[in-house]
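What follows is a set of notes on a single structure, which appears directly below.
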There are 2 protein chains.
Amino acid sequence: MTQSPRTQPRPVRKTRAGEANESRILDAALGAFAERGFHGTSLADVASAAGLSKPNLLYYFRSKEALYVAVLGRTLEAWLDPLRALDAARDPREALAEYVARKLALSRDAPLASRLFATEILQGAPRLMAVLEGDLADLVASKTAVIRRWIADGRLAPVDPHHLIFAIWATTQHYADFAVQVRAVSGGDLSDPEFHAETVAAVTRMLLEGALPR
Amino acid sequence: MTQSPRTQPRPVRKTRAGEANESRILDAALGAFAERGFHGTSLADVASAAGLSKPNLLYYFRSKEALYVAVLGRTLEAWLDPLRALDAARDPREALAEYVARKLALSRDAPLASRLFATEILQGAPRLMAVLEGDLADLVASKTAVIRRWIADGRLAPVDPHHLIFAIWATTQHYADFAVQVRAVSGGDLSDPEFHAETVAAVTRMLLEGALPR
DNA sequence: GTCTATAAGCGGATAGAC
DNA sequence: GTCTATCCGCTTATAGAC
């Protein structure tokens with residue numbers, strides 16, 4: 001499932017130029033929607049950022065809503081990917097550390113996607129509810145089983161699996177979603193390699209070892 | 001500083017009825033802005049939710065922007081409060097546990113305020129930047145000193161103070177800001193006392209003790 | 001203080017030429 | 001496929017009576 005369902009048909013792209021346009025539109029739309037939200041973004045913004053006219057944009061996507069859904073759909077897979085990779089067969093310390101590292105890499109490399117999803121979920125996820133209750137819930141259910149197994153084997157402390165996953169999501173996405181606050185308060189930014197490395201180390205350490213002395 | 005600066009003067013409230021109206025408007029506006037964002041909210045929405053006409057609303061607040069800033073200002077203190085209460089004199093385990101508990105209580109009792117700030121910061125904090133770089137940065141600086149002292153005394157593991165604070169903010173606010181996702185994935189909601197208690201215990205445990213067996 | 005009426009402008013979407 | 005011109009509804013804000 002690489003595309004979200006579309007309510008209305010839309011021209012199938014045939015030419016190289018058409019595909020390139022569609023891609024440029026989606027990039028421009030991601031930036032606009034992530035920074036100003038659905039209602040704060042006008043089609044004129046997106047069209048000019050993508051370098052074409054408003055009616056031409058609407059030739060590629062039949063409505064603002066359809067464009068928004070397409071942007072969400074395109075970024076969805078990258079969003080779900082790191083959790084899919086959480087590997088039951090590995091040592092929990094390594095597997096969880098790698099999950100944190102992948103999520104933080106995503107916060108650094110795709111902060112706009114993170115903010116887009118954050119905004120959507122903050123507002124009640126009207127267009128993502130089906131995914132949250134479907135694919136995401138299923139995926140999380142399978143991963144909580146992995147965590148429970150680790151706990152049963154004594155390789156992980158008896159932490160609630162759901163809350164562990166929430167804690168990883170929250171701490172890692174924080175650096176993308178609240179980047180301006182992080183910067184205002186600490187001066188750091190994930191785009192700075194040094195700060196990124198410190199963040200990976202600090203977040204991994206806190207989640208795995210905790211803040212109290214051992 | 002209980003009010004944010006206002007660019008334009010506005011009628012000073014004199015009567016009981018006037019104050020009550022102003023308060024009802026701010027409540028209605030908080031709900032609307034938190035759920036649909038600044039641009040997704042119309043003054044007609046707010047006016048009808050507050051039980052008065054649109055022009056009458058604009059008698060109390062001279063513009064939509066002024067209303068939005070007033071809502072932000074009114075909720076700001078409650079937002080900063082728990083961190084102010086983080087007490088250097090106490091045992092770090094107890095002080096941090098209480099901070100987590102207070103933040104989670106706020107996520108349960110004032111989720112709309114949490115979502116309002118989250119949306120604002122996500123979009124670059126255009127109207128809060130001064131606070132983030134001023135009061136908040138100062139407050140955080142004083143609290144990182146507390147944490148550093150605890151570490152120097154060997155009462156806390158050598159975690160980076162900024163990242164510890166970010167981790168607490170992220171994990172606690174997650175349950176308000178991403179409540180629909182939490183519910184979709186785990187079925188829980190902070191308004192359920194049992195889930196709230198579990199959450200306090202799980203988050204505190206993870207941050208203090210970590211996920212690995214001790 | 002509160003209302004009805006209305007001005008003024010923006011933004012999504014379409015018509016239709018090229 | 002791409003554009004110019006345009007329609008039309010919605011929204012902020014004001015005028016002015018009560």
Side-chain angles (χ1 to χ4, degrees), chain A residues 6-72 119 123 126-127, chain B residues 6-33 35-72 123 126-127:
Chain A
R6 214 171 289 110
T7 38
Q8 299 156 352
R10 146 177 83 95
V12 177
R13 219 56 55 217
K14 292 193 167 72
T15 69
R16 233 173 304 275
E19 303 234 355
N21 267 348
E22 187 168 320
S23 176
R24 288 215 325 285
I25 293 170
L26 288 170
D27 289 342
L30 171 60
F33 287 137
E35 278 170 18
R36 296 181 293 279
F38 180 80
H39 295 285
T41 297
S42 75
L43 290 179
D45 292 343
V46 177
S48 106
L52 35 71
S53 68
K54 207 165 42 161
N56 198 13
L57 187 161
L58 284 165
Y59 169 81
Y60 285 90
F61 298 90
R62 307 184 95 78
S63 70
K64 185 182 181 181
E65 173 78 19
L67 173 60
Y68 183 77
V69 170
V71 173
L72 275 183
T119 305
Q123 302 196 352
R127 300 154 183 104
Chain B
R6 214 172 288 107
T7 39
Q8 298 157 353
R10 148 178 81 95
V12 177
R13 219 57 54 218
K14 293 194 168 70
T15 68
R16 233 173 304 274
E19 302 234 356
N21 267 348
E22 187 167 320
S23 175
R24 288 215 326 284
I25 293 171
L26 288 170
D27 290 342
L30 172 60
F33 287 138
E35 278 170 18
R36 296 182 292 280
F38 180 81
H39 295 286
T41 297
S42 76
L43 291 179
D45 293 342
V46 178
S48 106
L52 36 72
S53 68
K54 213 167 31 165
N56 198 13
L57 187 163
L58 284 165
Y59 168 80
Y60 284 91
F61 297 91
R62 307 184 95 77
S63 70
K64 184 181 179 181
E65 172 77 20
L67 173 60
Y68 183 78
V69 170
V71 173
L72 275 182
Q123 302 196 354
R127 299 154 182 106

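Reminder, nothing fancy here: chain letters follow the sequence lines and each chain counts from 1.
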Under 4.0 Å between a side-chain N or O of A/Tyr59 and OP1 or OP2 of C/dT14? no

Which whole-number value in Å describes the distance from [X] [atom1] to [N] [atom2]?
X	N	atom1	atom2	answer
B/Lys64	C/dG9	NZ	P	18 Å
B/Tyr60	D/dT14	OH	P	17 Å
B/Asn56	D/dG16	CG	P	19 Å
B/His39	C/dC10	NE2	C1'	13 Å
A/Asn21	D/dC3	CG	P	9 Å
A/Leu58	D/dT2	CG	P	13 Å
A/Leu43	C/dG12	CG	P	4 Å
B/Ile25	C/dG1	CD1	P	11 Å

Does the base of C/dG12 carry an N or O that pairs as donor and acceptor with the side chain of A/Lys54 under 3.5 Å? yes

What pair of heavy atoms forms the shortest contact from [X] to [Y], and how long is it?
X	Y	value
B/Arg24	B/Ala50	NH2-O, 2.6 Å
B/Val46	B/Ile25	CG1-O, 4.1 Å
A/Phe61	A/Ala70	CE2-CB, 3.7 Å

Side chain of A/Ser53: nearest nucleotide among C/dC3, D/dT4, C/dG12? D/dT4

Side chain of A/Pro55: nearest nucleotide among D/dC3, D/dT12, C/dG1? D/dC3

Under 3.5 Å, which donor-acceptor pairs do the side chains of residues 36-44 of chain A form with other protein atoms, sequence neighbours left out?
{"unit_1": "A/Thr41", "atom_1": "OG1", "unit_2": "A/Ala32", "atom_2": "O", "d": "3.1"}
{"unit_1": "A/Thr41", "atom_1": "OG1", "unit_2": "A/Gly37", "atom_2": "O", "d": "2.7"}
{"unit_1": "A/Ser42", "atom_1": "OG", "unit_2": "A/Ala44", "atom_2": "N", "d": "3.4"}
{"unit_1": "A/Ser42", "atom_1": "OG", "unit_2": "A/Asp45", "atom_2": "N", "d": "3.1"}
{"unit_1": "A/Ser42", "atom_1": "OG", "unit_2": "A/Asp45", "atom_2": "OD1", "d": "3.3"}
{"unit_1": "A/Ser42", "atom_1": "OG", "unit_2": "A/Asp45", "atom_2": "OD2", "d": "3.4"}

